Amino acid sequence: MAAAEAEPLGRPSRRISEELLRRASTGDLEAREKLITDFTPFVLRVAARVAGRYLEPGIDDEISISLSAFNEAIDSFSPDRGSAFLAFSEMVIRRRLIDYYRKEGHQRELPLTAFEETDQDGHVVNTAEMQAGLRNFQAEHQQKELRDEIGVFAATLGQFGIRLADLAQASPRHDDAREKSRQVARMVAATPAWADYLRRKRELPLKEIEKAVSFSRKTLERQRKYIIALAIILMEDLPHLQEYIRR
């Protein structure tokens, strides 16, 4: 480890010497006490940032937890980790405070700053914000894709003289009837000749279907719009709507 290192959050005015850290980690109590005393302001700044408020000595438990975590970091740090000691100790402090909040079941929300970490280049990154942003982006992207799919679906249905509003009335009322309709729709989508007939004629191949299923043509005709709608979803490139059917 170099004698001087990049300083993460808090930017203490002092720097940790390799010799002082080595002595503290190998049992030199005087060196350990000096290290803790010199970097107490740094520890308090990290703790206050995690807590999201000013911390008062003798009142807030976060201070003793953070100093204990800094002491723990002295024992567990290894230069082989590829990170600076202050960045490592900051990570340990944050983890111990997060554990404390979770264990105590604090009602307030933990601030996003609790999840900030310092990368190897000394830049502060917030994994929680990045993950939340990614989830939001994915959710917005999926919603847009779903809206686009519904638009394509509605336009395709229109070619069959069916509106989205028609499907509410066309949907079978009983579970067993809906399942039979789904079976027919899957058969239509999986049978090339039937799927081709549906695309060309804009109608179901009722004669062929009637031979392959156990319920009457009258039932097929009554559920025609619903079956066609499901078959279209299965036949077209509509993955979100297909997932909805599978569920």
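Owing to the predicted nature of the structure, the values given are computational and were not obtained by experimental measurement.
- Listed for the Arg173 side chain is a donor-acceptor partner under 3.5 Å among the backbone atoms of Ser171.
- Between Phe39 and Phe42, the angle of the ring planes goes over 60°, which puts this pair in the perpendicular group of the 30/60° scheme.
- Contact between Ala73 and Phe88 at its shortest, heavy atoms only, is O-CE2, 3.6 Å.
- Taken together through direct or relayed side-chain contacts under 4.5 Å among Ile, Leu, Val, Met, Phe, Trp and Tyr, Met235 and Leu220 form part of one hydrophobic cluster.
- Within the 4.5 Å cutoff, the side chain of Ile98 has no heavy atoms near those of the Arg95 side chain.
- Using modelled atom types, one side-chain atom of Ser181 and one backbone atom of Ala177 make a donor-acceptor pair closer than 3.5 Å.
- In this structure, Phe70 has its ring center no closer than 6.0 Å to that of Phe77.
- Under the 4.5 Å side-chain criterion, counting only non-hydrogen atoms from C-beta, Ile36 is in contact with Ile74.
- When atom types are taken as modelled, the side chain of Glu72 and the backbone of Val92 share no donor-acceptor pair closer than 3.5 angstrom.
- The side-chain heavy atoms of Leu44 and Leu55, taken from C-beta on, include no pair separated by under 4.5 Å.
- We find that Glu179 and Arg186 are joined by a salt bridge, their nearest charged nitrogen and carboxylate oxygen being less than 4.0 Å apart.
- With hydrogens and angles ignored, the 3.5 Å screen pairs a side-chain donor or acceptor of Glu149 with a backbone N or O of His240.
- Residues Val184 and Gln223 form no side-chain contact, since every pair of their non-hydrogen atoms from C-beta on lies 4.5 Å or further apart.
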Check residues 23-32 and write down every donor-acceptor pair under 3.5 Å in which the side-chain atom is one partner and the other belongs to a residue at least two apart or another chain.
from  : atom 1 : to    : atom 2 : distance (Å)
Arg23 : NE     : Asp28 : OD2    : 3.2
Arg23 : NH2    : Asp28 : OD2    : 3.4
Ser25 : OG     : Leu21 : O      : 3.0
Ser25 : OG     : Arg22 : O      : 3.0
Thr26 : OG1    : Arg22 : O      : 2.8
Thr26 : OG1    : Arg23 : O      : 3.2
Asp28 : OD1    : Glu30 : N      : 3.1
Asp28 : OD1    : Ala31 : N      : 3.0
Arg32 : NH1    : Asn71 : O      : 3.4
Arg32 : NH1    : Asn71 : OD1    : 2.7
Arg32 : NH1    : Asp75 : OD1    : 3.4
Arg32 : NH2    : Ala24 : O      : 2.9
Arg32 : NH2    : Asp75 : OD1    : 2.6

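- Using a cutoff of 4.0 Å between basic side-chain nitrogens and carboxylate oxygens, Asp196 and Arg199 are not scored as salt-bridged.
- Ion pair Glu221/Arg224 not flagged as a salt bridge, since none of the NZ, NE, NH1 or NH2 atoms sits closer than 4.0 Å to an Asp/Glu carboxylate oxygen.
- In this structure, Ile227 is not a member of the same hydrophobic cluster as Tyr197, with clusters built from ILVMFWY side-chain heavy atoms closer than 4.5 Å.
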